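Below are the structure tokens for one structure; questions will follow.
What's counted below: heavy atoms across the whole structure, side chains too, no hydrogens, waters or symmetry copies. Just so it is clear, the model here is predicted, and its values are computed rather than measured. We count residues from 1, following the sequence as given.
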Amino acid sequence: MNEYRIHTFGLNSFIDVFISSFYVKVRKPDKAIYKMALDMAKVAPYEVIYIDDVQMFTDIATGIGIKSILHTDTLSTCKTLAALDFQTDQMKLIDA
């Protein structure tokens, strides 16, 4: 299912690392999965934008210094990403 989503929605065109609880045997809301993702991507928390539709998960990410967006709809998420100076081809299509 995970691979299907990644390829169907072209997520790998703008997401650098995928950490799937199924594979790493740790899951949200455990802070360890966020830290594992940072370690695997070799980035600091301030270099990341985390998007989720669950408030608790974005709160945890924010608590460890990760910029987080609570996804409620595509347009508002795209606007928030644009305000953070993040652009993808997908966003350009939505703006058009």
May I have the step-by-step check of side-chain contact (heavy atoms from CB on, under 4.5 Å) for Leu38 and Ile66, ending in yes or no?
CA-CA 10 Å; Leu38 294 170; Ile66 298 172; 4.2 Å; yes
On a heavy-atom basis, which atom in Met36 and which in Ile19 lie closest, and how many Å separate them?
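Distance-wise, the nearest heavy atoms are SD-CG2, 4.3 Å.
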Please identify each residue that fulfils side-chain hydrogen bond (donor to acceptor under 3.5 Å, both in side chains) with Asp53, with sequence neighbours left out.
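Not a single residue meets the side-chain hydrogen bond (donor to acceptor under 3.5 Å, both in side chains) criterion with Asp53.
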So, using side-chain contact (heavy atoms from CB on, under 4.5 Å) as the criterion, who are the partners of Tyr4 when residues are at least two apart?
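side-chain contact (heavy atoms from CB on, under 4.5 Å) check on Tyr4 returns Met1, Thr8.
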Show the numbers, then the answer: is there a side-chain contact (heavy atoms from CB on, under 4.5 Å) between Ile69 and Leu84?
CA-CA 10 Å; Ile69 298 171; Leu84 294 170; 4.1 Å; yes
Could you walk me through whether Tyr50 and Thr58 pass the side-chain contact (heavy atoms from CB on, under 4.5 Å) test, one step at a time?
CA-CA 7 Å; Tyr50 175 74; Thr58 58; 4.1 Å; yes
Can you list the residues that meet the ring-ring contact (aromatic ring centres under 6.0 Å, His included) rule with Phe57, with sequence neighbours excluded?
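Phe57: no ring-ring contact (aromatic ring centres under 6.0 Å, His included) contacts found.
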Is there side-chain contact between Phe18 and Asn12, with heavy atoms separated by less than 4.5 Å?
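In short, these two side chains touch, coming nearer than 4.5 Å.
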Which residues share a salt bridge (charged side-chain N to carboxylate O under 4.0 Å, His left out) with Asp52, sequence neighbours left out
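Residues passing salt bridge (charged side-chain N to carboxylate O under 4.0 Å, His left out) with Asp52: Lys28.
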Taking atom CG of Asn2 and atom OG of Ser21, what is their separation to the nearest 0.5 Å?
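Rounded to the nearest 0.5 Å, the CG-OG separation comes to 8.5 Å.
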Could you check whether atom NZ of Lys42 has more than 12 heavy atoms from other residues, nucleotides or ligands sitting under 6.0 Å from it?
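For Lys42, atom NZ is not crowded (no more than 12 foreign heavy atoms under 6.0 Å).
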Rounded to the nearest 0.5 Å, what's the gap from NZ on Lys25 to CG on Asp30? Could you check?
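It comes to 14.5 Å.
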Can you tell me how far NE2 of His7 sits from CD of Glu3, rounded to the nearest 0.5 angstrom?
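Reported value, rounded in 0.5 Å steps: 5.0 Å.
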Side-chain heavy atoms nearer than 4.5 Å, only ILVMFWY residues, links allowed to pass through others: does that put Ile15 and Ile6 together?
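They do share one cluster, since a chain of ILVMFWY contacts under 4.5 Å joins Ile15 to Ile6.
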In Å and rounded to the nearest 0.5 Å, what is the CD1 to NZ distance from Ile33 to Lys31?
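If we round to the nearest 0.5 Å, Ile33:CD1 and Lys31:NZ are 14.5 Å apart.
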Counterpart residues, side-chain contact (heavy atoms from CB on, under 4.5 Å), relative to Tyr46 (two or more places apart)
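Residues passing side-chain contact (heavy atoms from CB on, under 4.5 Å) with Tyr46: Ala44.
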Which residues share a side-chain hydrogen bond (donor to acceptor under 3.5 Å, both in side chains) with Ser68, sequence neighbours left out:
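Here the qualifying residues are Thr62.
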What's the spacing between Leu81 CG and Ser76 OG if we round to 0.5 Å?
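Taking CG in Leu81 and OG in Ser76, the distance rounds to 9.5 Å.
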Looking at side-chain heavy atoms only, is the closest gap between Ile60 and Tyr34 below 4.5 Å?
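Answer yes - side chains close enough.
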Say whether Phe22 and Met40 are linked into one hydrophobic cluster, either directly or through other cluster members, by side-chain heavy-atom distances under 4.5 angstrom.
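In one cluster: no.
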